[in-house]
Structures are given as C-alpha cells and as structure tokens.
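A quick write-up on the structure given underneath.
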Amino acid sequence: MPGTESLFPTLLDAPDLVAATEPGPFAAVAIEQSIDKSLDYAIPPKLLPLLKVGQRVRAPLGRKNRPALGYVIAIRDECAFPNVKRILAIDDDRVLVPPRLMELARWMSRYYCTPLGTVLETIVPSAVRKRIGLGYVQKVALAQPREEVQAIIEKTKASKRRAILGRLLQLESDDAIDIVRLAGESGATVPTIRKLARLGFITITPEVDLPGLARPAGSSAPAEPALALNEDQQKSFDELCPRVTSGGFSVNLLMGVTGSGKTEVYLQCIREVVNRGKRAIVLVPEIALTPQAVLRFTARFSGVAILHSGLTATERHRYWQMISMGHANVVVGARSAIFAPVPELGIIVVDEEHEASYKQDQAPRYHGRDVAVKRGQIENVPVLLGSATPSLETYYRVSAAKAEGKRPKDEVNAAPLSAFSLQPSALPSYHLLTLPRRVRGLAMPHVEVVDMKVENRFRRGVHLLSQRLEHLLRTTIEAGHQAILLLNRRGYSNFVYCASCNEPIHCHYCDTTMTYHRMAGAKAKGASLAEGLHTGQLHCHYCLAVNPLPDSCPNCKKKLTLFGLGTQRVEEELAKKFPELKFARVDSDSMRSAKDYELLLGRFANREIQVLLGTQMIAKGLDYPNVTLVGVISGDTALALPDFRAAERTFQLITQVAGRAGRGDSAGRVVLQTFLPTDPTIQAAIRQDFVGFAKMELEHRRSTSLPPITRMVRIVLRDQEPDKLQHQSEVLAAALVDAAAPEGDRVRLKGPMPCAINRIAGYYRNQIVMVSPSAAPLQRVLARVREKGALAKNDRIAVDVDPVSLL
Ligand code: ADP
Ligand code: ZN
C-alpha cells in the first residue's frame with residue numbers, strides 16, 4: 001500500500017522534535033484515543049500551504065514524542081503555550097471533517113462529555129481513516145508558463161527531460177496527467193519526473209482514486225412516479241413544503257399511525273429538495289435496511305447511497321468518498337449515517353424516531369435523532385421525524401412548543417428544547433403533523449385481549465398459545481393468509497429454577513439469571529427436563545458466558561425446572577400443535593447476518609413461510625399485505641423491567657407489531673396475551689391510543705420528575721473490587737456535589753447506588769444519576785467536573801447524557 005512516504009515525499013523531513021516558540025500560525029489538534037484536550041502544534045513551513053482544518057495529521061505526543069494521529073480542529077495565529085512541537089505530517093490530504101461536521105463534533109464533545117478526538121473517530125468511518133481500498137494517482141502539471149517551458153526544452157541537453165516537458169506541453173493548459181502514464185508516454189522514469197518537480201518545473205499532486213468508485217444505486221433506473229397523496233398526506237405535505245423549499249431550521253414530527261403512508265411524505269419532501277440541487281440524509285433503524293424498504297428510495301431517486309452494517313470496508317469507503325464528492329443525492333443509513341459528509345444538505349429525515357437503537361451504547365453515547373436535530377440546526381435545514389409511536393421526548397417538545405406562548409417563562413426554560421443550543425433563547429421551532437388514518441381507507445387492526453390468568457385456569461399443562469390465538473392462527477392459515485407472532489425474549493426459558501433451594505441459576509459473572517437455550521438442531525419434540533431430553537446450554541445475555549445445563553441443582557442435587565418463556569419455547573409449541581405449519585424463528589440467535597434476514601424475508605414475501613415468530617426484530621417496518629394476524633405472546637415482558645421507560649417500550653412494541661396486520665385488502669386482527677389485562681399501558685395499547693397513553697405517561701413522569709419533563713445524566717462506574725468501586729463512586733459523587741452547588745436546587749443528585757444489574761462480566765457497577773428541569777445546569781456541572789479531569793480518560797466511568805436505558 002502506498003504509505004505516507006510515497007504520497008508526500010517532501011513532508012517527511014519535517015523535524016519532529018522542535019520545542020520552541022516560533023511565529024504562527026499554529027494548529028490545534030484533537031488527538032484520537034481520548035485525550036480530553038486539544039493540543040497546539042507549530043506548522044512546519046512546508047506544510048503551511050497544504051494544511052487545512054479537518055485534515056488528519058501525525059503529531060508527536062508525550063515525552064517520547066510518539067507519533068499520534070489527530071485532526072486539525074483550528075488554525076490560529078496565537079498559541080497559549082510558550083513551547084510547542086511541530087506537526088510531523090499530513091496523514092491524508094483530504095478534508096475528512098468538513099467545517100459543519102466539525103461544529104457538530106465540537107457540540108457532541110461538549111454535550112456528550114466525550115473527548116473531541118473520540119467523537120471525530122466516530123464521525124470518520126475507520127475504512128476512511130485507514131484509506132482502505134483507496135489509491136492515489138499522482139497528477140503532473142506544468143508549474144511555469146508555456147513559453148518558458150518551451151525555452152527550457154530548447155536549451156536542455158537531457159533528452160528525458162525534453163520528452164517529459166514536451167508531453168506536458170501537449171496538454172490543455174491547467175490539465176494534468178497521471179505520473180505513470182506520463183512516464184510511459186515520455187519514456188522517462190518516475191524518479192526523473194520527480195526530480196523535475198523538485199527543480200520547480202512541474203507540480204505533482206496526489207489525487208484520490210478509488211478504483212471502481214461505485215455509482216450509487218439507482219443511477220440509471222427510471223424514476224418511479226410519485227403516488228397521488230391522499231387528503232391527510234397532502235395536508236401534511238402542504239404544511240411541510242414551504243419549510244422544505246425555503247430551507248431554514250425546523251423540527252417536524254410526522255405522527256402517523258402504522259400504514260398511514262409516512263414514507264410517501266418523506267419521499268415527496270426529498271423530491272423537492274433534490275429538484276433544487278440539494279441532498280437528503282434519511283436515518284432508519286438498522287433492521288429496516290432491508291431491500292424491501294431500500295427499494296422505495298432507489299426506485300424514486302438516482303444516486304442513492306445505502307449505508308448498512310453489511311458493507312465491506314472498501315464499499316463503505318467508496319460510498320463515503322462518493323458522498324463527500326456530492327455524487328449521492330440521498331443517503332439512507334442507520335445511526336451513523338447522520339455523519340455522512342453530504343455537501344449542500346437540504347433535509348434530514350429520521351424514520352421511527354422513537355427507536356432505542358438510535359442511541360449508541362459506547363462513547364460518545366449519542367442519540368442519532370438528537371444529533372440529527374443538532375445537525376439540522378447547524379446546516380439550517382428542516383428535520384423530519386416520523387413515527388406511529390413518537391418518543392415522549394419528541395412528543396413533549398412538540399406539545400411544549402405549541403403551548404410555549406401560553407406558559408410562564410420559567411416553565412418554557414424548563415422545556416428540553418433549550419438543550420440543543422445550550423442557549424434558551426434559540427428555541428427551535430417544533431411542528432406536529434398527523435396522519436390519523438391508514439392509506440386506501442384500510443381499517444386499523446382490531447386488537448383483542450386474552451387474559452392468560454383465566455386461560456391457565458381452564459387448561460392443563462403449559463400453553464404459550466391461548467386457545468383463541470390457536471384458533472385464529474388455524475383459520476388464518478386455512479384462508480391462505482400469513483401471521484406474525486411476537487415474543488420479545490430469545491432463548492427457551494429465562495429461569496432455571498431449583499424449587500428446593502428456591503433459587504434460579506445465576507450467571508457466575510453477572511447479577512442476572514441464566515437463560516436456557518436449546519441446541520440448534522435439537523428437534524422440537526415437546527421434551528421436558530424431567531424426561532432428561534433437554535440438551536442445551538445456559539447463556540448469560542449480558543456477558544455472553546455459556547455453560548452446560550446441569551443435570552440437577554448444583555447445590556442440592558434436586559431436580560431443576562425450566563421457567564419463563566423465550567422464542568425457542570414457542571417454536572417448540574408451534575411445531576407440536578401445528579405439525580404442518582411452515583414457520584421460521586427470527587431472533588439474533590437464528591439470524592446471524594443481515595443476509596440471513598433478507599433471505600428469510602424474501603421467503604416470507606413469496607409465501608413459502610406462513611408464520612414468522614420472533615423478537616422485536618419483526619415488530620417494525622415490515623409491510624406484507626397478506627399478513628392478517630398478529631399474536632403478541634406476552635404483552636408483559638417489558639413491563640416488569642426496572643426502567644422508567646418500561647411502559648413506553650411496551651406501548652411502542654405492541655402498537656408497532658399490531659401495525660403489521662391488515663395492510664392488504666383483508667382486515668387485520670391482533671391477539672394480545674397478557675397477565676395484566678387491566679394495566680393502563682396495556683389498555684392504551686389495546687385502543688392503540690398514543691395520545692391518551694402519552695398524556696397519562698407524561699403525567700406520571702411529571703409527578704416523579706423524570707425525563708422528558710426533566711433532563712437526566714447517568715454516570716456508571718465499574719470495578720472488579722467492590723470496595724474500590726465504592727470509594728471511587730463516593731469521590732466522584734463528592735466532586736459532583738461540589739460542582740452542582742452553584743446550581744442550587746436546579747440539579748438533584750442521586751447515588752452512588754448499585755445499578756439494577758449490580759455486576760456484569762465480573763465488574764461491579766454503581767450509578768450516580770443527576771436530574772434537572774433543563775439541560776444547561778447539567779451541562780455546567782459536567783463541564784466543571786470534567787475540567788478537573790475527574791471524568792477524563794477513564795474507561796471505568798461512563799457518562800450517559802439523556803440515557804435511554806437504566807439497567
Ligand atoms: P407507514 O410508514 O406510515 O407505516 P408506509 O409508508 O409504509 O406507511 O405506507 C404503507 C403502504 O401504503 C405502502 O405500501 C405505500 O406504498 C402505500 N401508500 C402510501 N401512500 C399511498 C397513497 N397515497 N396511495 C396509495 N398507497 C399509498
Ligand atoms: Zn454474565
């Protein structure tokens with residue numbers, strides 16, 4: 001691979017150990033690998049004309065001057081330090097982080113309390129940083145006026161030089177030629193050509209060359225015509241259109257029931273943008289990047305770049321390069337696509353904006369939707385958020401924006417809007433648009449409830465499928481229709497229980513119970529543990545430990561019982577009750593790759609498979625008109641989680657999966673099995689009443705001072721030694737208390753206390769939670785503690801701003 005040496009031969013002789021004051025300018029560099037402050041460097045004269053903000057450079061670090069990689073974040077005339085070192089080399093002459101993304105990165109670094117270098121590592125894909133698959137061609141051009149070159153040719157005796165310059169004279173002025181081609185055509189060698197460059201006759205400039213630079217999908221496909229919008233869609237579109245065409249920042253929530261045609265509204269808004277020569281970013285949950293969904297974009301637009309996790313590094317790099325050159329009109333991708341270096345962005349769409357998978361669970365712990373809103377603000381473009389079950393965060397902001405004029409000032413400041421600018425004055429404008437009905441007059445699916453307490457009283461044995469669900473499944477299949485069964489828990493059973501010790505088997509490394517998984521290939525024969533036919537393993541879903549299933553209780557040697565349910569257990573029951581049924585289990589155990597999932601959905605689409613049984617993977621996005629029945633095996637699995645969003649998750653999941661039914665001409669039915677039929681969340685889900693649910697849940701959050709009414713920061717500390725952990729937690733808590741003192745009662749601090757899962761993978765875990773009516777005080781507290789270095793460079797301390805999970 002051509003390294004830096006051959007690329008920038010003149011740069012390597014920059015001295016690497018200079019520590020002296022020299023005349024500026026200086027470069028501020030954010031080093032990768034989580035150093036929390038940027039460092040200032042002198043710029044060697046040779047690099048000065050080439051160096052740009054956003055480039056990746058090599059710079060000496062530490063006492064040993066180890067060459068480290070980092071990004072130029074600013075070039076300025078002064079420098080705060082008396083002594084600085086010099087930048088060693090430009091690692092990549094491309095600007096990897098254009099100015100607006102740099103601004104976004106700085107905001108993320110502040111807001112998510114993460115070193116800027118770490119944020120930039122997230123923004124620039126590793127394939128791009130490593131220049132995977134990237135070649136450079138070196139372009140040669142004349143450096144002097146043609147007449148002078150002509151004169152040199154006449155004077156010089158060196159025939160090779162004459163040939164080189166002569167060939168260059170044949171080019172149009174301002175044109176350049178590939179160095180290898182020039183060598184071939186002039187009969188000279190590459191070193192001879194380089195010599196001419198050193199003498200100043202010619203210039204050699206490296207230019208990016210990605211062999212086979214992919215044209216984005218749909219580049220030649222005829223554009224599919226737009227659908228005629230229905231009345232609701234038209235109303236939303238008419239309201240959006242001026243905001244989209246005139247540009248300017250706005251946040252728009254398109255709240256449309258499942259099957260109401262939200263995507264068509266996105267597509268037509270994007271059309272407006274593309275027609276004006278601008279570009280779009282569309283974020284979708286990773287799982288929605290199926291060919292079926294992607295086709296809706298590629299059929300409509302030319303130049304669609306699809307960023308999904310299945311890309312090879314080279315493909316990813318090509319797409320990035322193409323996007324940054326402005327060749328992609330529409331970028332569709334999961335969370336990190338929000339960092340696509342799209343020039344002249346015109347709109348950002350976030351589909352299924354409520355999805356928890358938009359949140360990254362390692363530093364920077366950012367939320368793709370919130371970063372999308374911030375990017376929209378920086379780029380001054382509209383942001384379109386869509387969902388049938390909006391996050392309460394977004395819904396609350398929309399309602400707050402509506403009520404803004406009517407409310408007392410302090411309450412306006414308390415609204416979470418202010419966080420995006422950190423200045424309460426710049427409240428973004430939030431707008432609500434609704435699609436209350438399904439397209440083509442289709443009915444919402446009818447939801448019926450089965451009370452599993454009653455069910456169990458009248459049937460012998462364990463039944464995961466109620467009689468009603470069994471019956472409907474049978475008639476659905478007989479009618480030639482298809483069904484989806486949801487159980488949001490993988491494995492076979494989540495408790496392996498010893499009745500005599502009164503204890504389930506726990507993970508050795510975690511404070512959790514082990515889940516029993518049947519071996520792949522073990523036939524569903526309805527075997528029970530008592531019959532000794534259970535072969536399989538115990539899995540920990542947190543540390544991924546795997547143990548064999550013991551024959552008997554490890555403590556008392558008595559018999560073990562399998563309790564609780566998982567998809568494998570439903571699979572077993574289905575096979576027993578419907579021996580002829582063609583069904584497939586879809587969970588992260590059975591679907592190893594995106595390809596597996598794609599293939600399976602293809603078989604479901606052409607009706608080879610009659611029933612899909614799976615976890616939340618199958619709950620969203622799927623649009624198959626022949627699905628008329630959805631069964632929710634247990635509506636309660638998420639309700640019991642020790643997390644204040646349990647009710648919200650439950651409502652979302654039930655509503656989303658119910659939305660898969662009845663998208664064709666036949667009406668849809670949903671059977672919701674539950675032990676808690678009167679629970680208000682379950683009740684709201686039965687009515688599919690988002691607004692009612694949101695009102696109730698927001699009231700609850702208000703009375704308990706939880707997000708989105710308040711803002712939250714969660715800090716998790718971990719250590720293998722419980723005593724050390726406790727000590728460190730108390731030290732940090734004390735620092736936070738000090739830092740929070742100037743905020744008075746605006747910041748409330750809880751902890752340190754053990755996390756709900758007290759130990760994971762051998763590490764004990766404590767948490768400290770801070771809550772405030774608005775984001776700014778929390779940001780100030782974090783900044784003060786960070787300034788003292790108490791959060792820096794410590795992989796044992798995870799700061800999570802706006803956490804989505806509290807486990
Ligand atoms: P949502 O995302 O709101 O669940 P979709 O955008 O997936 O809904 O639309 C559901 C189905 O309705 C899709 O097959 C789509 O092609 C179709 N559709 C959307 N808008 C219209 C329309 N105006 N007329 C007819 N069909 C439409
Ligand atoms: Zn474990």
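All values derive from a computational prediction rather than experimental measurement. Residue indices begin at 1 and follow the sequence shown. Indexing begins at 1, ligand by ligand and atom by atom, following the structure's order.
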Review point. Between Gln233, Arg296, Glu231, which one has a non-hydrogen atom sitting closest to atom 6 (O) of ligand 1?
Key: Arg296

Review point. Who's the nearest protein heavy-atom neighbour of atom 4 (O) of ligand 1, and how far?
Key: Gly259 N, 2.7 Å

Review point. Mind checking whether Tyr266 and Phe297 have ring centres under 6.0 Å apart?
Key: no

Check your understanding: Have Asp370 and Tyr358 got a donor and an acceptor in their side chains that come within less than 3.5 Å?
Key -> no

Practice item. Specify the protein heavy atom at minimum distance from atom 25 (C) of ligand 1: its residue, its atom name, and the distance to 0.1 Å. Key: Arg440 CG, 3.8 Å

**Study point:** Ser309 and Glu286 side chains, donor-acceptor separation under 3.5 Å
**Key:** yes

Review point. So, Phe339 versus Tyr366, ring centres under 6.0 angstrom or not?
Key: yes

Practice item. Decide whether Thr655 and Gln688 meet the rule of one side-chain donor and one side-chain acceptor closer than 3.5 Å. Key: no

Practice item. Examine Leu229 against ligand 1 and note whether any of their N/O atoms are separated by less than 3.5 Å. Key: no

**Study point:** Check: Thr476/Gln482 side-chain N/O donor and acceptor closer than 3.5 Å
**Key:** no

Check your understanding: With backbone taken as N, CA, C and O and side chain as the heavy atoms from C-beta onward, which portion of Leu227 lies under 4.0 Å from ligand 1: side chain, backbone, both, or neither?
Key -> side chain

Check your understanding: Going by the order shown, which atoms of ligand 1 are within less than 4.0 Å of some heavy atom of Thr258?
Key -> 4 (O)

Review point. So is Thr263 polar-close to ligand 1, meaning N/O to N/O under 3.5 Å?
Key: yes

Check your understanding: Does the side chain of Ser466 come under 3.5 Å of the side chain of Gln673 through a donor N or O and an acceptor N or O?
Key -> yes

Check your understanding: Are any of the side-chain heavy atoms of Val332 and Leu307 separated by less than 4.5 Å?
Key -> no

Exercise for review: Looking only at protein heavy atoms, identify the closest one to atom 12 (O) of ligand 1 and say how far it is in Å.
Suggested key: Val439 CG2, 3.2 Å

Exercise for review: Would you check the N or O atoms of Arg663, main chain and side chain alike, for any that come under 3.5 Å of an N or O of ligand 1?
Suggested key: yes

Point to revise | Contact partition for Val257 relative to ligand 1, non-hydrogen atoms under 4.0 Å | key: backbone

Practice item. Decide yes or no on salt bridge (charged side-chain N to carboxylate O under 4.0 Å, His left out) for Arg474 and Glu478, but give the supporting numbers first. Key: CA-CA 6 Å; Arg474 192 156 283 125; Glu478 278 165 11; 5.1 Å; no

Practice item. Could you list which atoms of ligand 1 come closer than 4.0 Å to a heavy atom of Asn230? Key: 23 (N)

Point to revise | Those atoms of ligand 1 less than 4.0 Å from some heavy atom in Asp623 | key: 10 (C), 11 (C), 13 (C), 14 (O)

Review point. Among Gly256, Gly659, Gly261, Ala228, which residue places a heavy atom closest to atom 24 (N) of ligand 1?
Key: Ala228

Practice item. Around atom 3 (O) of ligand 1, find the nearest protein heavy atom and jot down its residue, atom name and distance. Key: Lys262 NZ, 2.8 Å

